[in-house]
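I'd like to ask you about the structure that follows.
The figures here come from the full heavy-atom set of this structure, side chains too, leaving out hydrogens, waters and symmetry mates. Here the structure is a predicted model, which is why all the values come from computation and not from measurement. Per chain, numbering begins at 1; letters A, B, ... match sequence-line order.
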There are 2 protein chains.
Amino acid sequence: MSAGHTDVTEEQELVCDTPPDECGVRDLVDRIGGKWSAYVLVELAAGMRRFKELQRAIPGGVSQRMLTLTVRHLERDGLLTRTVRPTVPPQVEYELTEMGRDCTTLIRALADWEVAHRPAITAHRAAFDAANPGFTGR
Amino acid sequence: MSAGHTDVTEEQELVCDTPPDECGVRDLVDRIGGKWSAYVLVELAAGMRRFKELQRAIPGGVSQRMLTLTVRHLERDGLLTRTVRPTVPPQVEYELTEMGRDCTTLIRALADWEVAHRPAITAHRAAFDAANPGFTGR
DNA sequence: CCGTATCCAACTAGATACTG
DNA sequence: CAGTATCTAGTTGGATACGG
């Protein structure tokens with residue numbers, strides 16, 4: 001670089017180019033950044049699911065409590081609907097809303113990106129770890 | 001599972017429609033799901049930044065520690081480069097890699113989605129809160 | 001200026017037990 | 001089956017102080 005860009009003066013103004021005070025990033029991460037939210041959305045993208053089905057579909061195994069909190073949170077934000085059917089035993093079905101499907105498409109794009117670039121990322125990590133043997137906070 | 005819903009047979013197969021064991025969602029969230037990663041990437045999308053510039057650009061104010069951890073993590077994954085210039089006082093510049101720019105585009109799409117739908121989300125929340133006065137875990 | 005180290009507060013997540 | 005409640009462990013994040 002050096003020679004090329006020379007006097008930096010303003011560069012690109014030091015703001016992220018989505019203008020307003022908030023880029024939406026913070027809220028976005030707060031909303032679907034939970035450990036399970038993305039999984040629930042992606043699973044629900046395949047169709048309506050009952051509570052237990054959701055729980056069993058998520059890799060790693062989510063506890064009842066966390067799944068409850070997650071779906072409630074998503075329901076509150078209008079990303080999915082919760083339908084209680086007065087059968088016995090009780091049955092509760094979760095389904096994405098229009099907005100939820102919309103959002104899930106984007107999440108899926110990110111997930112697909114991750115899968116595609118995983119080899120490259122793994123390689124970078126190995127190189128970094130080799131170059132920084134004593135790096136704490138990995 | 002007595003009378004009502006009987007044998008469900010297969011429904012939609014109970015798997016998320018990205019076939020493999022992992023949808024990439026978990027790793028993705030682990031990677032850029034941190035409180036600051038997305039912000040750093042978006043800010044860096046506007047161009048090279050020095051440490052202090054990054055810190056001041058991020059709304060809410062990130063501590064030195066967290067910013068250090070975040071950029072190190074992103075550097076390790078190959079999403080940005082860290083260049084130390086032996087000047088005095090020291091100067092360290094961060095810049096997105098090709099892969100980082102790629103990823104940031106998708107994050108930006110999600111952030112833009114959030115901004116566009118924020119009114120709807122807010123409305124849903126208000127309705128939900130009104131309907132569930134005693135909801136703990138908001 | 002750019003970090004690292006230490007300590008501490010807050011939040012997140014799991015296990016378990018109990019209710020409708 | 002589908003939660004709720006409680007308690008606890010682990011992790012994340014912030015403040016501060018200090019070193020290169």
- Would you check if B:Met66 and B:Lys35 make a side-chain contact, meaning some heavy-atom pair closer than 4.5 Å?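 No - every pair of side-chain heavy atoms lies 4.5 Å or more apart.
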
- Message: If you assign A:Pro90 and A:Arg72 each to the DNA chain D nucleotide with the nearest heavy atom, which residue ends up on the more 5' nucleotide?
- Response: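 In this pair, the answer is A:Pro90.
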
- Query: What is the distance, rounded to the nearest whole Å, between atom OH of B:Tyr39 and atom P of D:dT12?
  - Reply: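 Interatomic distance, OH of B:Tyr39 to P of D:dT12: 20 Å.
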
- Message: Taking side chain to side chain donor-acceptor pair (under 3.5 Å) as the criterion, tell me which of A:Arg125, A:His124, A:His117 meets it with B:Asp77.
- Response: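 Of the listed options, the one satisfying the test is A:Arg125.
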
- Identify, between B:Val71 and A:Trp36, the residue whose nearest nucleotide on DNA chain C lies closer to the 5' end.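 Nearer the 5' end of the strand: B:Val71.
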
- Task: Say whether, by atom type as modelled, one donor and one acceptor occur between the side chain of A:Arg85 and the main chain of A:Gln91 under 3.5 angstrom.
- Result: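 Between the backbone of A:Gln91 and the side chain of A:Arg85 there is no qualifying donor-acceptor contact (under 3.5 Å).
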
- Nearest to the side chain of B:Phe51, which nucleotide is it out of C:dA13, D:dA2, C:dG3?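 Nearest listed nucleotide: C:dG3.
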
- Message: Can you say whether a donor on the side chain of A:Arg65 sits under 3.5 Å from an acceptor on the base of C:dA13, or the other way round?
- Response: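 Yes, the side chain and the base share a sub-3.5 Å donor-acceptor pair.
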
- Taking CZ from A:Arg85 and P from C:dG20, how many angstroms apart are they, rounded to a whole number?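 After rounding, the gap between these two atoms is 24 Å.
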
- Message: Distance check needed: D:dC1 C1' versus A:Gln64 CD, whole Å only.
- Response: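 Rounded to the whole Å, the gap is 9 Å.
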
- Task: Nearest whole angstrom, please: distance from the C1' of C:dG3 to the CG of B:Leu54.
- Result: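 Computing the B:Leu54:CG to C:dG3:C1' distance gives 14 Å.
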
- Distance-only, no hydrogens or angles: does the B:Glu95 side chain make a donor-acceptor pair with backbone N or O of B:Leu44 under 3.5 Å?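 Answer holds: no.
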
- Message: Between C1' on C:dA13 and CD on A:Gln55, what's the gap in Å once rounded to a whole number?
- Response: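 After rounding, the reported distance stands at 14 Å.
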
- Query: With a cut-off of 6.0 Å (strictly less than), are more than 12 heavy atoms of other residues, nucleotides or ligands near CZ of B:Arg56?
  - Reply: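 Not more than 12 within 6.0 Å, no.
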
- Could you state the CE-P distance from A:Met66 to D:dG10, rounded to the nearest angstrom?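 A:Met66 atom CE is separated from D:dG10 atom P by 16 Å.
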
- Query: Below 4.0 angstrom from OP1 or OP2 of C:dC2, is there any side-chain N or O of B:Tyr94?
  - Reply: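 For C:dC2, OP1/OP2 do not have a side-chain N/O of B:Tyr94 under 4.0 Å.
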
- Query: Under 4.0 Å: is that the gap between some side-chain N or O of B:Lys35 and OP1 or OP2 of C:dC11?
  - Reply: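 No, because none of the side-chain N or O atoms of B:Lys35 sits under 4.0 Å from OP1 or OP2 of C:dC11.
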
- Message: What is the distance, to the nearest angstrom, from the CG atom on B:Leu69 to the C1' atom on D:dT12?
- Response: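 That distance rounds to 10 Å.
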
- Measure from the side chain of A:Val92, starting at C-beta and using heavy atoms only, and say which of D:dC1, C:dC2, D:dG3 lies closest.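 In terms of side-chain proximity for A:Val92, the closest of D:dC1, C:dC2, D:dG3 is D:dG3.
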
- Nearest-angstrom distance from the residue atom CZ of A:Arg50 to C1' of D:dA2: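 Rounded to the whole Å, the gap is 10 Å.
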
